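From a predicted model like this one, the values you see are computed outputs, not experimental measurements. We number each residue from 1, following the sequence as shown.
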Amino acid sequence: MCEDELHHRSRATDTPLNRRGLLVTGAAAALTLNSVSFASAAGRASGSDDETKVVRGTLPTGSADFVYLPVEVPDGVREIHVAYKYEKATVPAGTQNNALDIGVFDQRGTALGGKGFRGWSGGARTEFFIRADDATPGYIPGPVKAGTWNIALGPYTVAPQGLPYEVTITLKYGEPGKTPKPLYPPDRAKGRGRAWYRGDCHLHSWYSDGRRTPAEIAALARAAGLDFINTSEHNTHSAHAHWADQAGDDLLVMLGEEVTTRNGHVVALGTDPGTFIDWRYRARDNRFGKYAREIRDAGGLVVPAHPHATCVGCNWKFGFGEADAVEVWNGAYTPDDEVSLADWDSTLVAAVRGRKPWIPAMGNSDAHRDPDPVGSPQTVVLADNLTREAIQAGIRAGHSYVAESKNVSLKFTATGGKGKQAGIGERLPVDPDAPVTIRLDVTGAPACTIRFVTDQGVLFTSPALPESGTGTAQWQTTASYAAYVRAEVRHAPVVTGLPGPLAAFTNPIFLGRTPT
């Protein structure tokens with residue numbers, strides 16, 4: 001149970017009003033505290049422009065995922081301001097310390113689906129405000145209407161001693177400002193017709209837990225040779241209306257969200273402007289399918305992010321049945337990316353053996369702040385043009401490869417009977433024993449080696465490329481020996497006996513006639 005202490009702060013006095021109160025809501029993973037009430041605009045003290053109240057309490061270990069603090073907002077409120085703090089504990093090595101997220105829902109309620117959603121900053125900020133004409137990054141501007149608002153506390157981790165917290169709520173009275181009409185970036189850039197386009201679809205600005213502005217990210221994206229990016233703030237769409245000035249003929253800006261649940265993160269890639277996708281569920285709740293459909297209904301792709309990351313709540317537990325692609329490489333190449341790559345390869349094996357659809361892979365930077373490089377890695381997509389629809393179609397079809405930077409370029413083909421040729425993400429329809437030539441042309445990868453990986457494992461490894469970074473590898477096989485082939489370009493090993501970090505990899509080419 002949670003013990004809460006409510007105080008009303010009035011100038012020089014601090015008078016206790018209420019103590020203890022906890023209500024279990026209909027949702028198994030949510031708790032609701034006693035409500036906080038404020039005087040109406042007509043009834044407050046004459047000459048007072050604002051009113052502040054403080055709530056203190058302690059959350060126990062095993063706390064609900066979300067704790068709602070209802071705030072009764074009267075008429076005449078111009079702005080709501082919330083500040084919070086919590087105590088860190090002394091814990092032994094290996095024990096999680098306290099971490100508490102925060103957000104808010106307005107008078108439309110906290111029901112899943114997010115109609116009342118007005119913002120989320122997770123643990124990135126200690127305070128926020130909302131008014132009609134402006135809001136803290138991560139929050140949605142708009143009128144502060146009368147009714148029951150809910151401050152959402154998210155105990156991310158709780159120390160054995162519990163999590164003591166304090167929330168300070170201030171209502172400012174007066175005439176509301178005017179809410180600006182949002183302006184969104186266009187769905188297309190100039191493009192080069194059917195071509196290979198480079199992009200980074202997992203980025204964070206100061207509209208969630210990043211430290212860069214959209215302008216800084218756009219400049220870094222252009223410097224990294226990117227043609228497109230996708231915004232992906234944690235659990236908020238508040239950035240959508242702040243990217244129009246950064247788009248241009250040379251940079252397509254798609255809009256999305258990193259839906260950050262307690263059982264893994266998913267990038268909603270290229271959703272319609274203003275789309276919010278709820279995150280308040282676990283795998284055991286059997287709700288992810290509904291929200292995956294919401295992403296698609298809003299024109300987006302469902303991309304599980306860093307599925308084997310080791311941070312609390314980052315490991316993907318929803319399965320891949322709803323995935324349009326999977327983020328195999330996230331930021332600097334680390335052991336969890338190697339696990340993700342192997343896991344994805346296993347899904348390819350299962351697909352060809354079970355004659356089921358396959359899931360393409362992609363890579364993104366997940367850049368948050370300096371010195372995180374934007375565009376490392378980047379997904380290089382074959383698309384009919386530089387539009388949201390065309391880029392998404394290329395990603396969904398697997399017509400893409402992942403490179404560590406703009407310096408690395410690949411051309412990967414399979415050539416078989418009567419001169420037929422297939423490229424990345426395609427199928428070469430040949431008889432089982434017909435000879436097939438696999439070829440990879442590489443630039444920008446000095447001293448790297450090339451590997452060809454099939455459903456039987458790694459079946460070809462080249463000598464190291466010259467210092468120029470340019471080279472070609474060829475290998476002969478058959479469809480009966482290799483149901484698919486994908487290419488990897490790797491740096492020299494860091495640990496003897498283990499493969500070196502990736503410099504690039506491709507989605508597969510499938511060999512053989514289409515299964516019936």
Distance to the ring centre below 6.0 angstrom and angle to the axis at most 45 degrees; does that hold for Arg262 and Tyr281? no
Check ion pair Arg222-Glu216 (N to O, under 4.0 angstrom): no
Checking side-chain polar atoms at under 3.5 Å, does Glu327 have a donor or acceptor matched by the opposite partner on Asn364? yes
SB check Arg188 Glu389 (cutoff 4.0 Å): no
Charged N-O contact under 4.0 Å between Asp272 and Arg388: yes
Would you check if there is a donor-acceptor pair between the side chains of His234 and Thr260 at a distance under 3.5 Å? yes
Under a 3.5 Å threshold, yes or no: a donor from one side chain and an acceptor from the other, between His265 and Glu258? yes
Listed by chain and number, what are the salt bridge (charged side-chain N to carboxylate O under 4.0 Å, His left out) partners of Asp372, not counting sequence neighbours? none
Have Asp366 and His204 got a donor and an acceptor in their side chains that come within less than 3.5 Å? yes
We want to know whether His240 and Glu233 form a side-chain donor-acceptor pair, criterion being a heavy-atom distance below 3.5 angstrom. no
May I ask you to check whether Thr415 and Gln421 show a side-chain donor-acceptor distance below 3.5 Å? yes
Strictly by modelled atom types, are Tyr291 and Glu322 linked by a side-chain donor-acceptor pair under 3.5 Å? no
Smallest separation among heavy atoms of Gly103 and Tyr139, with atom names: CA-OH, 3.8 Å
Count the heavy atoms belonging to other residues, nucleotides or ligands that lie under 6.0 Å from OH of Tyr481, then report whether that count exceeds 12. no
Do Arg125 and Asp209 sit within salt-bridge range, that is, some charged N less than 4.0 Å from a carboxylate O? no
Evaluate ring pair (Phe, Tyr, Trp, His ring centres under 6.0 Å) for Phe288 paired with Trp279, printing each intermediate quantity in order. CA-CA 9 Å; Phe288 177 68; Trp279 76 100; over 10 Å; no
Indicate whether the side chain of Asp433 and that of Thr478 have a donor and an acceptor atom separated by less than 3.5 Å. no
Any side-chain donor near an acceptor of the partner, Gln96 and Thr157, under 3.5 Å: no
Any Lys/Arg nitrogen of Arg212 or Asp370 sitting under 4.0 Å from an Asp/Glu carboxylate oxygen of the other? yes
Could you tell me whether Arg486 and Glu488 have a side-chain N and a carboxylate O separated by less than 4.0 Å? yes
Are side-chain N/O atoms of Tyr484 and Asp345 paired as donor and acceptor at under 3.5 Å? yes
So, Tyr207 versus His242: side-chain donor-acceptor pair below 3.5 Å or not? yes
Between Asp65 and Arg280, is there a side-chain N and carboxylate O pair less than 4.0 Å apart? no
Would you say the side chains of Asp441 and Thr472 form a donor-acceptor pair under 3.5 Å? yes
Where Pro377 and Gly331 come nearest, the two heavy atoms and their spacing: CD-O, 3.4 Å
Audit row: Trp196, Tyr401, ring pair (Phe, Tyr, Trp, His ring centres under 6.0 Å) steps and yes/no: CA-CA 10 Å; Trp196 291 93; Tyr401 65 88; 5.5 Å; yes
